[in-house]
J.: 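A single structure is presented below for examination.
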Number of protein chains: 2
Amino acid sequence: MADTSDRRARRRAQTLEEILDLALDLMAEEGVAGLSLSAAARRLGIRPPSLYKYFPSRHAVYDALFERGQRAYLEAVRRGAAGREPGLAAMAASLEAGARWVMANQALAQLMFWRPVPGFEPSARAYAPALAVHDHFTALTAAAIERGELHPDAASEEGQALGSSLIAGLLSQQLSNEPDAAFEEGRFTRWVARLPGVLVALYPPR
Amino acid sequence: MADTSDRRARRRAQTLEEILDLALDLMAEEGVAGLSLSAAARRLGIRPPSLYKYFPSRHAVYDALFERGQRAYLEAVRRGAAGREPGLAAMAASLEAGARWVMANQALAQLMFWRPVPGFEPSARAYAPALAVHDHFTALTAAAIERGELHPDAASEEGQALGSSLIAGLLSQQLSNEPDAAFEEGRFTRWVARLPGVLVALYPPR
DNA sequence: GTCTATACTCCGATAGAC
DNA sequence: GTCTATCGGAGTATAGAC
């Protein structure tokens, strides 16, 4: 009995993921706000009402996608920093890993960072990984200051705002103007590796 | 005869503007991609088919809004710089004027800078003012270099990418995270005035 | 330039049989 | 967990009378 219910739960989880995959494809094709549950059901090969056995509403699909995206992004920036000494080097690697993830997951990134769906607010659960991302970069900044790579002002409100806006700006520009460019060739993403240097110029140590 | 046709042309132009105003309200309420011509017709007090006497399609409305927005934005950045010596001071004023315009015209700005409507590409005519904006800031950068306020590298590809991304990033962050904040209090817009200083730190003269 | 009527497609969501 | 049937509504766009 436990066996069968395990199998069923696994099968169900697979279907949930499959629906989210299809929803992602649709958002990429029709725009983030243009996601239709009926279209997702068609692609899955079931009738629209059946889909409501998996998600109670359209917003619930958005919320699951939001959470999945935030988790994946958190994982990406953490893996980027892994194995590097905390500080500027880790921050550089983490920024690049995050930027690559965004360019490879554009529909998800739009849902997460641009909020293009009127009326959709992510649940606290879905939003939680975003807080962890924030903590991650705060810790790397603190480490860089500790190591004497940045002036303590880099951790100020101004420093946080300018730092996060720098990466957000490069990605926003790249996504809007040249979304299909390869990362290294993008008119904006090509400068992601310069960001740690920019921070040093803005907040030179000592 | 010329009199009446003049009056009719003026009346028609008024109605066109009125439709665009209503479309703007709707985009602010329902999201940029959620604009519906039927809803605009309802608010104007006519039936949806009548609206097609003014705009041949939904895309045509987007295109007119795009052009109106680009023209207004160009006007805003030019007025910001007016009366200042070309150079960093004019650039600071121009950046702030543009940023204030964006925060005061968020739906339009999203249409212009984020491209959230799948399948919509602005016409060359509608896009033209955006090229003028680019030229405007290029000229101000050149003037600042000429006056010895910035290193010539500020005009490089890197300088242009970082400079435009800085302002785009601050605005993108503010719009996504705190769209209703007053300009001076916004967690991100409050640092717009720091941007010229950031440029100097990045590209110190000499 | 306004209307009615219409063609056509689509959506989210629910009820209830199997 | 799948289906059919359905509710109740939306939308873009065109034809043609007035």
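Throughout, a chain's letter reflects where its sequence line sits, starting with A, and its residues are numbered from 1. Basis for what follows: all heavy atoms, side chains included, without hydrogens, waters or symmetry-related copies.
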J.: Quickly work out the B:Leu37 CG to D:dT12 P distance and round it to whole Å.
T.: 5 Å
J.: Below 4.0 angstrom, N of the basic side chain to O of the carboxylate: do A:Glu184 and A:Arg100 qualify?
T.: yes
J.: Tell me the interatomic distance from B:Leu51, atom CG, to C:dC3, atom P, rounded to whole angstroms.
T.: 11 Å
J.: What is the distance, rounded to the nearest whole Å, between atom CZ of B:Arg47 and atom C1' of D:dC18?
T.: 16 Å
J.: Salt-bridged, A:Glu18 to A:Arg12, with N to O below 4.0 Å?
T.: no
J.: Quick one: salt bridge (Lys or Arg N to Asp or Glu O under 4.0 Å) pairs with a partner in residues 45-63 of chain A, sequence neighbours left out?
T.: none
J.: Does the plane of the ring in A:Tyr73 sit parallel, tilted or perpendicular to the ring in A:Trp101? Use 30° and 60° as the thresholds.
T.: tilted
J.: Using whole Å, report how far CD1 of A:Ile46 lies from P of D:dG1.
T.: 11 Å
J.: Under 4.0 Å, counting only non-hydrogen atoms across every strand here, what does B:Pro49 touch: a base, just sugar-phosphate, or nothing?
T.: base
J.: Hey, is CD on A:Glu17 packed in by over 12 heavy atoms from elsewhere, all under 6.0 Å?
T.: yes
J.: Please list residues of residues 52-63 of chain A whose heavy atoms come under 4.0 Å from any atom in DNA chain D, ordered by number; otherwise none.
T.: A:Lys53, A:Tyr54
J.: Would you kindly give the CG-to-C1' distance between A:Leu35 and C:dC10, to the nearest whole Å?
T.: 14 Å
J.: Touch check for B:Arg42, heavy atoms < 4.0 angstrom, all strands: base, sugar-phosphate only, or nothing?
T.: sugar-phosphate
J.: How would you label the contact of B:Ser36 with the nucleic acid (heavy atoms, under 4.0 Å): base, sugar-phosphate, or nothing?
T.: sugar-phosphate
J.: Is the distance between the ring centroids of A:Tyr62 and A:Phe55 less than 6.0 Å?
T.: no
J.: In whole angstrom, what separates B:Glu18's CD from C:dG1's P?
T.: 13 Å
J.: Check whether any side-chain heavy atom of A:Leu195 sits under 4.5 Å from a side-chain heavy atom of A:Met91, and report yes or no.
T.: no
J.: Need one value for B:Leu44: base, sugar-phosphate or nothing, where a base atom within 4.0 Å counts as base even if backbone is also close, heavy atoms only.
T.: nothing
J.: Taking any heavy-atom pair under 4.0 Å as a contact, classify A:Ser50: base, sugar-phosphate, or nothing.
T.: base
